[in-house]
Amino acid sequence: MATYSFITGASSGIGYAVALKLAEQKRSLIISARRQNKLLDLKKQCLKNGAREVICLPFDIQTAKGLKTLTDFLNKNKTLKIDILVNSAGLAKGTELVSKSNIADWEAMLNTNVKGLFYTTRVLLDRIIATSGHIVNLGSVAGRLVYEGGAVYCATKFAVRAFSEGLRMDLKGTGVRVSNIEPGMVNTEFSKVRLGSQQKADLIYDDMLPLSATDIAESILWCVNQPPHVNIQEVVIYPTDQASVGQVVRGVKSLKHKKK
Ligand code: 8X3
């Protein structure tokens, strides 16, 4: 059976952009996310871009039932191997102080960013080891620096960073590479999901030039296309208009206004 590149969170944002780029490399893909209709649209685009084959695997990474869909699929396809796993499913919910924050938001973040990513990696791991493959985790600059109103989200991304480091240690000698991609401000559905409205999300990127999902996808492709002896362990990517977390340049000094 063929070898596939597996992308979680593929229905939008960075996952979607990575799938399109991996398709250009004529790979066979398994694309997963909750929204089946979005996956079907992406499948068409990937095939147009050159993907050899595309399997849509809709499931909710936040739930045990969702993860069972994945294990059932693997049980039915026992010889299927994975060369690249891009763990791109992730989200932030809310910016309230811990004392005011909503436990349901915590659950969504912990179940997706931490448990979903850990469990997906675990169930696919033997198949990744079989190809000396590559695991690409979507961390964040929030996994390096904490900010007010982000305690739980930052904790989940610190967890992704710790997991990436631990995995790399546990996989030494297998040839499997682990990369943690840590973006700053990327204009995707991320802020709309976090803040609950497009209007609020637009303010986050107001008068500055954020990164795009394609910018991050290109960095991921750069990592996975290195020769097998080269493991890019971490990539920290900020927009030029963001010097650090909370250090954003807007208005006339922003590249948005300087761009031709
Ligand atoms: C997204 C980056 O700065 O909004 O992971 O937390 S930030």
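First listed ligand is number 1; within each ligand, the first listed atom is number 1. One-based numbering along the sequence shown.
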Quiz item: Hydrophobic cluster mates of Val193, side-chain heavy atoms under 4.5 angstrom, ILVMFWY only, any path?
Solution: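 Members other than Val193 - counting any ILVMFWY side chain reachable under 4.5 Å - are Leu91.
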Exercise. Mind listing the closest non-hydrogen atom pair of Ile31 and Ala10 along with its distance?
Key: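 Between these two residues, the closest heavy atoms are CB-CB, 3.9 Å.
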Quiz item: Looking at Tyr153, does the NZ or CZ of Arg194 lie under 6.0 angstrom from its six-membered ring centre and within 45 degrees of the ring axis?
Solution: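 That pair qualifies as a cation-pi contact.
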Exercise. Treat each ILVMFWY residue as a node, draw an edge where side-chain heavy atoms are under 4.5 Å apart, and state whether Phe118 and Leu110 are in one component.
Key: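 Yes, because Phe118 and Leu110 connect within a single hydrophobic cluster, where side-chain heavy atoms sit under 4.5 Å apart.
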Quiz item: With a 3.5 Å cut-off and no angle check, do the side chains of Gln198 and Asp202 form a donor-acceptor pair?
Solution: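 The criterion, which ignores hydrogens and geometry beyond distance, is satisfied for Asp202 and Gln198.
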Exercise. Answer yes if the side chains of Tyr238 and Gln247 hold a donor-acceptor pair under 3.5 Å, and no otherwise.
Key: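 Not at all, the side chains of Tyr238 and Gln247 share no donor-acceptor pair under 3.5 Å.
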Report every pair formed by an N or O atom of ligand 1 and a protein N or O atom separated by less than 3.5 Å, giving atom names and the distance to 0.1 Å.
| residue | atom | partner | partner atom | Å |
| --- | --- | --- | --- | --- |
| ligand 1 | 5 (O) | Ser140 | OG | 2.5 |
| ligand 1 | 5 (O) | Tyr153 | OH | 2.5 |
| ligand 1 | 6 (O) | Tyr147 | OH | 2.6 |

